[in-house]
Amino acid sequence: MSLVDTVLSHTPQPYRDVAIRHRELVKFALVGGTTWVIDTAVFLLLKSTVLAATDANSDGKPLTAKVIAVLVATIVSYVLNREWSFRTRGGRERHHEAALFFIVSGLGVAVYTAPLAISRYLLELKVPEVSLFTQEIADFVSGQVIGVLLGMAFRWWAFRRFVFPDQNVRARRVRPVQPVTGDKVA
């Protein structure tokens, strides 16, 4: 039994039907959560080390850190989405599909980084205009929450529309999901 089937078998019935009906979206969201962790870790690591401010007159390179973090997460995202979230979709040759995936993801980088750029450079939520704590909270909220949500919505739409347009192109093994009652499968 796969991980998804195990989770579904432990999910209460009304929610199980919704999860099964929207299986692709649930998988996309799980991939998104995984790549969000990767994106966040790389962003914070780069922003606080090699791309950190070198003196009081410098604000470091938060946009560069964000772009690198998104690119690393995008590579992982392609593999996971291609082989898991959208594994029954396709309709294109692999190299064409990969090119479209990275073009859409490149556009997604602009969507992801726009809130951070607005926060830092339009609203000037950076030191010395605000405290270091406020700057860091603003960076996190704008880059890791608002940017990620906007980017995820854009990518969900674009992947289904352009990258993986055709349904049921690749075969999917379907196994019935059985609810768990107590310690035994019903």
Side-chain angles (χ1 to χ4, degrees), residues 1-45 66-116 143-186:
M1 184 179 274
S2 73
L3 174 65
V4 172
D5 291 336
T6 302
V7 170
L8 286 173
S9 70
H10 288 82
T11 305
Q13 182 53 42
Y15 304 112
R16 184 180 317 127
D17 290 342
V18 171
I20 289 171
R21 188 172 35 247
H22 301 289
R23 180 179 291 231
E24 198 172 72
L25 179 60
V26 170
K27 288 179 177 182
F28 179 79
L30 289 171
V31 168
T34 301
T35 56
W36 182 85
V37 170
I38 293 167
D39 177 23
T40 301
V42 172
F43 173 65
L44 293 175
L45 179 70
K66 184 62 180 168
V67 169
I68 292 169
V70 168
L71 291 175
V72 170
T74 299
I75 293 167
V76 173
S77 176
Y78 175 70
V79 173
L80 294 176
N81 277 309
R82 171 78 169 78
E83 299 303 325
W84 192 51
S85 303
F86 300 112
R87 79 179 165 99
T88 62
R89 287 180 164 266
R92 303 188 187 284
E93 292 182 30
R94 175 100 34 143
H95 69 279
H96 187 216
E97 180 184 271
L100 284 172
F101 187 95
F102 287 102
I103 289 168
V104 165
S105 294
L107 294 172
V109 169
V111 174
Y112 274 86
T113 56
L116 178 60
Q144 296 307 112
V145 178
I146 297 169
V148 168
L149 289 174
L150 290 174
M152 190 172 177
F154 167 75
R155 290 176 58 205
W156 169 253
W157 169 78
F159 287 166
R160 289 174 51 93
R161 174 89 166 102
F162 301 111
V163 181
F164 307 109
D166 300 330
Q167 295 182 31
N168 301 318
V169 173
R170 297 184 285 160
R172 172 175 88 176
R173 291 178 289 144
V174 178
R175 286 178 265 158
V177 176
Q178 298 176 341
V180 174
T181 56
D183 291 327
K184 297 181 182 178
V185 175

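Residues take their numbers from the sequence shown, with the count starting at 1. Any value given below was found using the heavy atoms of this structure, including those in side chains, with hydrogens, waters and symmetry copies removed. This is a predicted model, so every value here is computed, not measured.
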* To do: Mind checking the CD1-CG spacing from I68 to D39? Nearest 0.5 Å is all I need.
  => 11.5 Å
* **Spacing of R87 atom CZ and L80 atom CG [to the nearest 0.5 Å]** => 13.5 Å
* Contacts of F154 that satisfy ring-ring contact (aromatic ring centres under 6.0 Å, His included) - sequence neighbours left out -> none
* **4.5 Å side-chain heavy-atom contact, Y78 and E97** => yes
* Residues which pass side chain to side chain donor-acceptor pair (under 3.5 Å) with T35, listed by chain and number, not counting sequence neighbours -> none
* Any donor-acceptor pair under 3.5 Å from S77 side chain to A73 backbone -> no
* To do: With rounding to the nearest 0.5 Å, note down the distance linking OG1 in T34 to CH2 in W84.
  => 7.5 Å
* To do: Specify whether F159 and F101 have parallel, tilted or perpendicular ring planes, treating 30° as the upper limit for parallel and 60° as the lower limit for perpendicular.
  => parallel
* Flag the pair L150 / I146 as yes when at least one side-chain heavy-atom distance between them is below 4.5 Å, and no otherwise. => yes
* Structure fact -> Interatomic distance, CZ@R155 vs CE@M152, rounded to 0.5 Å, equals 8.5 Å
* Check: Y112 and T74 side chains under 4.5 Å, non-hydrogen atoms -> no
* To do: Evaluate the side-chain proximity of F86 to K27: yes if any heavy-atom separation is below 4.5 Å, no if none is.
  => no
* Structure fact -> The reported gap from OG1 in T40 to CG in L45 (rounded to nearest 0.5 angstrom) is 12.0 Å
* **Which atom of A158 lies closest to which atom of V104, heavy atoms considered** => CB-CG1, 3.4 Å
* If you round to the nearest 0.5 Å, how far is CH2 of W156 from CD of E24? -> 4.5 Å
* Asked: With distance as the sole test, does K66 use its side chain to make a donor-acceptor pair with the main-chain N or O of G143 at under 3.5 Å?
  -> yes
* Can you see which heavy atom on T6 is nearest to which on H10, and at what distance? => O-ND1, 2.8 Å
* To do: Heavy atoms only: give me the nearest V26-A19 pair and the separation to one decimal.
  => CG2-O, 4.2 Å
